[in-house]
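Quantities reported herein were computed from a predicted structural model and do not represent experimental measurements. Chain A is the first sequence line, chain B the second, and so forth, proteins listed ahead of strands; every chain is numbered from 1.
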Amino acid sequence: MEREVRVRFAPSPTGPLHIGGVRTALYNYLLARKLGGKMLLRIEDTDQNRFVPGAEDYIRQSLEWCGITLDESPWTETPGPHAPYRQSERKPMYLQYAQQLLDSGHAYYAFDTPEELDAMRARLTAAKVPNPQYNSITRAQMRNSLTLPEDEVKQLLDNNTPYVIRLKVPRKEEIRFNDLIRGWVVVHSSSVDDKVLMKSDGMPTYHLANIVDDHLMEITHVIRGEEWLPSAPLHVLLYRYFGWESTMPQFAHLPLLLKPDGTGKLSKRDGDRLGFPVFPLEWHGKDAETGEPTVSSGYRESGYLPEAFINFLAFLGWNPGTQQELFTMDDLIATFSIERVSKSPARFDQNKVRWYNEQYLRAKPDSELAQYLLDALKEQGVEVSANKAEQIAALVKERATFPADLAKEAQLFFHRPTSYDEQVISKKWNAQVAGALQEFALALPATADSTPEGIKALLTQVLERQGIKIGQVLQALRVAVTGAAAGPDLMAIMSILGPEETAQRLNLAIDQLAAQASA
RNA sequence: GGUCCGUUCGUCUAGGGGUUAGGACAGUAGAUUUUCAUUCUACCAACAGGGGUUCGAUUCCCCUACGGACUACCA
């Protein structure tokens, strides 16, 4: 029988999720939805020292904002079938599995102190051992249940001597597994060390907890970052020793997201140093050294639409093989396949995210943009009708990258010019132009047709009477009405402003500029 | 250092033994807009290097270089 597809995203609550983590969650989600499976989230908080308050909630909100929904997680109203979904809450379960390995001879107790471990590494390094590690060779010189007499081990245990449980990795063995993205990966066991499975505080390490939980939670595909590739052989070994090989999940190690500037993988610490957000949501943290509060910007607060952010992120390391660039989440679900994830790492492109945002912003219905505008303007104490807001939104959206640009561009409708573009004035403003505009202002209130076309017709009419070409006045007219040399279509602006307001602005400009000239 | 992974335009990438090596973003130029932006059109621009294999390699193999990850009682 085919197993139901079950994937998981398993972050540690050690800080804000960065975009690489979001992408991992996204690919997991896409595969689950595509294959009609389940998407779960498990909090991997086995390291109490690195716990950061608020991080878990941040992860939750980030995924919510992105539209990545979870079928099983610590946050559901009724506990899921494999609850709890926080490893710290699962702590009591792990020891029995470590015990199983102990019993079958695949794990052993180690009593070495940190100092002894340091000394061992120092010794090996000094001896120019190419790969200093606790392994099949060096464990013979250490204090563990393999080297110590049985009764001494028992005594140490009885005396509550701190110990860890280590995996007994075989000396000579080829470990291989088929990665969905990379193909066959082969690693020799001699390069894998005797990893700690249970820490002296009674908590499992990532490696143990991860394998046990993935098995218990019936995970079928492990999709995670490439940083886990080197420890995958260890995980394969664990599945084998537990006797779970037949249901071992398929692995897919995603290429890393690189820093756009220098080198190395993108990390949480990059924060705003790069000039663009690396976090989905704004994060309020503390400086590691000084403890000073810090703020790292987020895509959401910077004005990115989740659809754009997701579309962009999906394309960083994956593509559909067609020329389509714009994908909604549903499109992504329909098209996604793990085989089309690329092997090589990707660098960030700010221009491309901006472009995506423009695309999605413009695709939004004017009514929705108008609603945003209404809210933004209200905050500034400006009241507008829904109808007018929609007209403005429609006019202005082609010039916007972010929603906030809409409000910025809309300002000219609610604030009369306080100054006039000097270059245009000095070049284009003269008595004749002023006269013509005065005539236009005079004719405006009487017009029956205040559509952009109607206003243009009126303007043309007035100018013809004056014997002036439209080209001579248009720039001056724009500056008189808006104060600025550039902006949206002038006829549309005047239409939205209305004949009355336009006329008043014109008269104001004529007065002010005349006063300026005589001063 | 060791192990593993990777390498096509500036960036994200398509392709794959025989192609004018395709698209998108960015950039440049032109057209439209008597403004800016938008839009449209065009241009610019890449198979890391060296050996094989082959009639023929950017594609397959090997080596080198470069980049990256990992190398904790962190995940």
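- Out of B:A24, B:A75, B:C4, the shortest distance to the side chain of A:Leu229 is found at B:C4.
- Judged purely by distance below 3.5 Å, without hydrogens or angles, the side chains of A:Ser12 and A:Glu44 never pair a donor atom with an acceptor atom.
- When the side-chain nitrogen and oxygen atoms of A:Ser342 are compared with OP1 and OP2 of B:U13, one or more of them lie within a distance under 4.0 Å.
- Within the 4.0 angstrom heavy-atom criterion, only backbone atoms of the sugar-phosphate kind lie near A:Thr46; the bases stay farther away.
- With a 3.5 Å ceiling on both atom-pair distances, the Watson-Crick or G-U wobble partner of B:U3 is B:A69.
- Remark: B:A21 base-pairs with no nucleotide in the shown strands. Criterion, Watson-Crick or G-U wobble with two distances under 3.5 Å.
- Within the 4.0 angstrom heavy-atom criterion, base atoms lie near A:Pro488.
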Under 3.5 Å, which N/O atoms of the protein pair with N/O atoms of nucleotides 70-73 of chain B?
| unit_1 | atom_1 | unit_2 | atom_2 | d |
| --- | --- | --- | --- | --- |
| B:C70 | OP1 | A:Lys265 | NZ | 3.3 |
| B:C73 | OP2 | A:Arg121 | NH2 | 3.4 |
| B:C73 | OP2 | A:Arg166 | NH2 | 3.4 |
| B:C73 | O2 | A:Ser200 | N | 2.7 |
| B:C73 | O2 | A:Ser200 | OG | 2.8 |
| B:C73 | N3 | A:Ser200 | OG | 2.9 |
| B:C73 | N4 | A:Asp112 | O | 3.4 |

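- B:U33 atom C1' lies 13 Å from atom CD1 of A:Ile470, rounded to whole Å.
- Within the nucleic acid shown, A:Val424 has no heavy atom closer than 4.0 Å to any nucleic acid atom.
- At a threshold of 4.0 angstrom between heavy atoms, the contacts of A:Arg224 with the nucleic acid are absent.
- In this structure, CD of A:Glu398 is placed 17 Å from P of B:U35, rounded to the nearest angstrom.
- A salt bridge between A:Arg86 and A:Glu56 is present, with a side-chain N of the basic residue lying under 4.0 Å from a carboxylate O of the acidic one.
- If you take atom C1' in B:U33 and the same atom in B:C47, they sit 41 Å apart, rounded to whole Å.
- Comparing B:A24, B:U35, B:A75 by their closest approach to the side chain of A:Tyr206 singles out B:A75.
- B:A26 sits 25 Å from B:U35 when the C1' atoms are compared, rounded to a whole Å.
- Within 4.0 Å of A:Gly225, counting heavy atoms only, lies no atom of the nucleic acid at all.
- For A:Arg340 and A:Asn319, the side-chain atoms include at least one donor-acceptor pair closer than 3.5 Å.
- Where A:Arg340 and A:Gln472 meet RNA chain B, the nucleotide closest to each residue was compared, and A:Arg340 sits on the side nearer the 5' end.
- Using a 4.0 Å heavy-atom cutoff across all strands shown, A:Ala346 reaches sugar-phosphate atoms only and no base atom.
- Note: CZ (A:Arg23) to C1' (B:C12) measures 12 Å, nearest angstrom.
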Might you list the N or O atoms of the protein lying below 3.5 Å from N or O atoms in nucleotides 25-28 of chain B, with each pair's distance?
| unit_1 | atom_1 | unit_2 | atom_2 | d |
| --- | --- | --- | --- | --- |
| B:C25 | OP1 | A:Trp355 | NE1 | 3.3 |
| B:C25 | O2' | A:Lys352 | N | 3.4 |

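- Rounded to a whole Å, the CZ atom of A:Arg478 is 14 Å from the P atom of B:U33.
- Using a 4.0 Å cut-off between a side-chain N of Lys or Arg and a carboxylate O of Asp or Glu, A:Asp214 and A:Arg42 qualify as a salt bridge.
- Checked against the 6.0 Å centroid criterion, the rings of A:Tyr356 and A:Tyr304 do not qualify as a close aromatic pair.
- Counting any heavy atom pair closer than 4.0 Å across all strands shown, A:Arg354 reaches no nucleic acid atom.
- Within the 4.0 angstrom heavy-atom criterion, base atoms lie near A:Arg50.
- Side-chain N/O atoms of A:Tyr206 and A:Asp47 include no donor and acceptor closer than 3.5 Å.
- Distance CG (A:Asp179) to C1' (B:A69): 14 Å, rounded to an integer number of Å.
- Across all strands shown, B:A31 forms a Watson-Crick or G-U wobble pair, both distances under 3.5 Å, with B:U39.
- For an aromatic pair to be called close, the ring centres must be under 6.0 Å apart, and A:Trp283 with A:Tyr58 satisfies this.
- Annotation: A:Lys199, atom NZ; neighbour count of heavy atoms from other residues, nucleotides and ligands within 6.0 Å is above 12.
- With a 3.5 Å ceiling on both atom-pair distances, B:A57 lacks any Watson-Crick or G-U wobble partner.
- Residues A:Ile165 and A:Leu95 share a closest heavy-atom pair of CD1-CD1, 4.4 Å.
- Evaluation of atom-type donor-acceptor distances gives no pair under 3.5 Å for the side chain of A:Arg347 against the base of B:U11.
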